[in-house]
Protein chains: 2
Amino acid sequence: MKFNEFLNHLSNYEPGKDIEVIAKEYGVKEVIKLASNENPFGTPPKAIECLRQNANKAHLYPDDSMIELKSTLAQKYKVQNENIIIGAGSDQVIEFAIHAKLNSKNAFLQAGVTFAMYEIYAKQCGAKCYKTQSITHDLNEFKKLYEAHKDEIKLIFLCLPNNPLGECLDASEVTKFIKGVDEDCLVVIDAAYNEFASFKDSKKHLEPCELIKEFDNVLYLGTFSKLYGLGGLRIGYGIANANIINAFYKLRAPFNVSNLALKAAVAAIDDDEFTKKTLENNFSQMQLYKEFAKKHNIKIIDSYTNFITYFFDEKNSTDLSEKLLKKGIIIRNLKSYGLNAIRITIGTSYENEKFFTEFDKILR
Amino acid sequence: MKFNEFLNHLSNYEPGKDIEVIAKEYGVKEVIKLASNENPFGTPPKAIECLRQNANKAHLYPDDSMIELKSTLAQKYKVQNENIIIGAGSDQVIEFAIHAKLNSKNAFLQAGVTFAMYEIYAKQCGAKCYKTQSITHDLNEFKKLYEAHKDEIKLIFLCLPNNPLGECLDASEVTKFIKGVDEDCLVVIDAAYNEFASFKDSKKHLEPCELIKEFDNVLYLGTFSKLYGLGGLRIGYGIANANIINAFYKLRAPFNVSNLALKAAVAAIDDDEFTKKTLENNFSQMQLYKEFAKKHNIKIIDSYTNFITYFFDEKNSTDLSEKLLKKGIIIRNLKSYGLNAIRITIGTSYENEKFFTEFDKILR
């Protein structure tokens with residue numbers, strides 16, 4: 001059977017291995033997963049309670065107006081319901097943006113190394129990808145590339161802070177940059193980890209209501225997968241001018257998010273104790289990762305996220321990842337990003353100590 | 001801001017109203033929802049238990065290999081894991097099929113009245129829609145239309161049994177029909193309600209392993225939203241030749257289904273007592289709907305599903321729906337399908353009695 005031609009240019013996604021599968025394969029008893037930037041404290045207690053209470057409603061289709069979560073987000077961010085779209089993870093809102101703006105005749109712009117899914121989704125539309133030479137976000141380079149290919153570039157991704165490297169631009173630099181972007185070019189601000197950056201340094205804080213008030217061409221993306229501890233439920237959101245949201249709605253399938261995810265997200269927003277604990281633990285533990293790096297002469301980029309990236313000169317990241325795996329520790333090897341580096345999620349104190357102990361032995 | 005041209009031909013989906021919203025709007029205490037063909041017995045007890053036990057794992061990304069559910073389905077249907085793709089509802093697998101096969105230069109074929117999402121999704125690709133004049137599945141007409149537009153038609157939808165009308169073709173007729181279809185044309189068998197049809201009459205039973213053994217161009221779709229009582233969790237599946245599944249995998253975003261849905265689906269498959277009760281209740285209660293129709297001279301089509309469709313000559317379906325709504329009873333008005341008819345989900349004995357009492361008064 002023949003399929004649409006564009007499928008020939010797409011490759012099959014290779015899923016990562018599950019904790020249980022790895023434990024079995026490597027014969028380790030305890031597996032510590034510091035690979036996917038999940039919340040080390042688990043699911044927020046208020047969300048757990050909500051899920052247990054609503055487990056007997058799994059047969060009912062979701063309220064497709066999503067009014068409860070939208071109103072909660074609208075209040076939190078001081079925007080209107082019409083400025084919000086809920087996605088099955090912020091990933092799905094990225095897909096909406098790409099399908100609404102990109103096609104085989106135009107292009108998008110992104111940092112040299114950033115969230116891999118931008119390119120993967122954009123390939124489905126056959127759009128051209130411009131990347132900065134710098135692996136981190138260098139706005140001068142963004143500007144130069146944009147000016148040189150202005151007619152072509154219809155979408156710009158800014159990942160703030162950047163996954164998988166951790167650096168973050170100041171909000172004021174971002175605003176200044178967007179002023180130079182044509183109104184017909186959509187600027188997607190992926191703020192999946194922005195709560196972490198804002199906590200560390202208020203200069204990194206991005207406020208969606210200010211962004212969409214000033215710019216008709218900005219899309220702010222948030223997620224419940226990181227700080228809010230709901231990665232398994234697949235729920236995130238986009239905030240933008242109502243025209244953009246309306247366009248995305250045309251691409252959205254009804255009931256794109258589960259009813260339990262919608263309810264748990266509302267509960268998670270309300271769990272201040274959980275998010276506070278998460279943020280405080282993250283940066284106190286991050287300090288230990290910095291010290292470990294210094295001690296072992298490992299290069300790092302200052303991280304504004306819930307992970308840290310270790311760069312190596314002589315040691316090989318694939319080799320190191322494999323050795324950690326044998327000890328039951330899963331981290332993210334960044335070889336597929338063209339880097340000799342690993343990305344480690346900041347875990348609980350217990351998990352991090354275990355990492356330090358084992359990695360110390362491996363590095364000797 | 002300008003968007004891709006194809007968006008201009010798409011309209012925004014208007015979400016239906018939630019039970020709570022309706023209760024408030026109409027000032028009714030009790031709302032009975034017989035509109036979305038949800039399971040009247042709720043969520044399967046084994047799935048509820050599973051959801052409660054796993055509520056504290058909502059922070060972990062789903063196992064994207066989906067090995068547990070795939071293996072369970074593979075065993076149930078006697079197919080291989082490579083023949084299965086899991087979607088966020090079988091809806092998402094319909095989307096995969098459409099995006100893999102259809103484009104603005106080809107066409108698809110469907111019954112005169114059938115599941116509305118086929119056309120809605122296909123519009124995104126700009127494909128032409130051929131429909132039979134008959135509102136139900138008339139295979140002679142399907143054959144004629146197919147023969148007349150063979151070069152164009154690259155996808156055929158068979159909804160067995162048909163939503164929203166309820167009729168169902170015999171499996172033997174279906175097999176005979178597919179033999180006449182070119183190998184490059186994908187035949188999608190939407191079996192969302194087939195467990196109900198099989199229970200009522202074994203001649204309607206479709207066995208995916210036999211279908212995919214005989215045909216390289218058949219896609220069988222199943223869902224957990226109806227018999228298995230998990231509509232809120234958004235989970236369904238497609239079974240086909242591995243080549244088709246591989247093509248769909250290229251269109252699938254990672255983590256397209258939540259981890260709780262994956263686990264609950266496995267538990268639901270195991271809950272035989274629940275599914276048995278559902279099927280038995282459905283057809284004993286269906287009998288009462290037939291008797292009610294006969295008594296009131298309402299036309300029906302014999303239904304092989306968990307709903308029944310009432311056709312009216314003089315009374316107006318919109319008017320009747322509105323009157324029922326005022327009594328707190330939500331059914332599906334089929335006006336948007338071009339029919340003067342309503343579709344009623346077979347509920348519990350209590351819900352159905354309430355419907356009969358109120359509808360009897362309305363019809364007088």
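So you know, we letter chains A, B, ... as the sequences are listed, proteins then strands, and number each from 1. Note that the structure is a prediction, hence the values are computed from the model and not measured.
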Can you tell if the side chain of [X] reaches within under 4.5 Å of the side chain of [Y], non-hydrogen atoms only?
{"X": "A:Lys101", "Y": "B:Met1", "value": "yes"}
{"X": "A:Pro62", "Y": "B:Arg234", "value": "yes"}
{"X": "B:Pro40", "Y": "A:His59", "value": "no"}
{"X": "A:Arg52", "Y": "B:Asn56", "value": "yes"}
{"X": "A:Asp184", "Y": "B:Phe3", "value": "no"}

Determine the option with the most heavy-atom pairs under 4.5 angstrom with chain A, choosing from [options].
{"options": "B:Cys50, B:Ala88, B:Ala100, B:Gly229", "result": "B:Ala100"}
{"options": "B:Met66, B:Lys226, B:Gln53", "result": "B:Lys226"}
{"options": "B:Asp91, B:Ile244, B:Asp182", "result": "B:Ile244"}

*Non-hydrogen atoms of chain A under 4.5 Å away: do they reach the side chain of B:Phe224, the backbone, both or neither?*
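Neither; nothing under 4.5 Å.
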If I take atom [atom1] from residue [X] and atom [atom2] from residue [Y], how far apart are they, to the nearest 0.5 angstrom?
{"X": "A:Ile98", "Y": "B:Asn4", "atom1": "CD1", "atom2": "CG", "value": "11.5 Å"}
{"X": "B:Lys57", "Y": "A:Ile48", "atom1": "NZ", "atom2": "CD1", "value": "10.5 Å"}
{"X": "B:Ser225", "Y": "A:Leu60", "atom1": "OG", "atom2": "CG", "value": "11.5 Å"}
{"X": "B:Leu251", "Y": "A:Phe6", "atom1": "CG", "atom2": "CZ", "value": "5.0 Å"}
{"X": "A:Glu183", "Y": "B:Lys2", "atom1": "CD", "atom2": "NZ", "value": "11.5 Å"}
{"X": "A:Phe255", "Y": "B:Met117", "atom1": "CZ", "atom2": "CE", "value": "9.0 Å"}

I'd like to verify something: which residue of [options] has the highest number of heavy-atom pairs under 4.5 Å with chain B?
{"options": "A:Asn259, A:Asn243, A:Leu51", "value": "A:Asn259"}
{"options": "A:Val257, A:Asn106, A:Leu102, A:Asn217", "value": "A:Leu102"}
{"options": "A:Leu186, A:Asn256, A:Asp216, A:Ile235", "value": "A:Leu186"}

*asked:* For the NZ atom on A:Lys123, are there more than 12 heavy atoms of other groups (residues, nucleotides or ligands in this structure) within a distance under 6.0 Å?
replied: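 Open.
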*asked:* Counting only heavy atoms not in A:Glu152 (residues, nucleotides, ligands), do more than 12 fall under 6.0 Å from its CD?
replied: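 Counting other residues, nucleotides and ligands, CD of A:Glu152 exceeds 12 neighbours.
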*What closest approach, in Å, do A:Thr43 and B:Ala58 show between heavy atoms, and which atom pair accounts for it?*
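Heavy atoms of A:Thr43 and B:Ala58 come nearest at OG1-N, 3.0 Å.
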*Non-hydrogen atoms of A:Ser36 and B:Tyr61 that approach each other most closely*: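 Scanning both residues completely, I find the closest heavy atoms to be O-CE1, 3.5 Å.
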Could you tell me which portion of [X] (side chain, backbone, both or neither) has an atom closer than 4.5 angstrom to a non-hydrogen atom of chain B?
{"X": "A:Asn246", "result": "both"}
{"X": "A:Cys125", "result": "neither"}
{"X": "A:Glu95", "result": "side chain"}
{"X": "A:Tyr228", "result": "neither"}

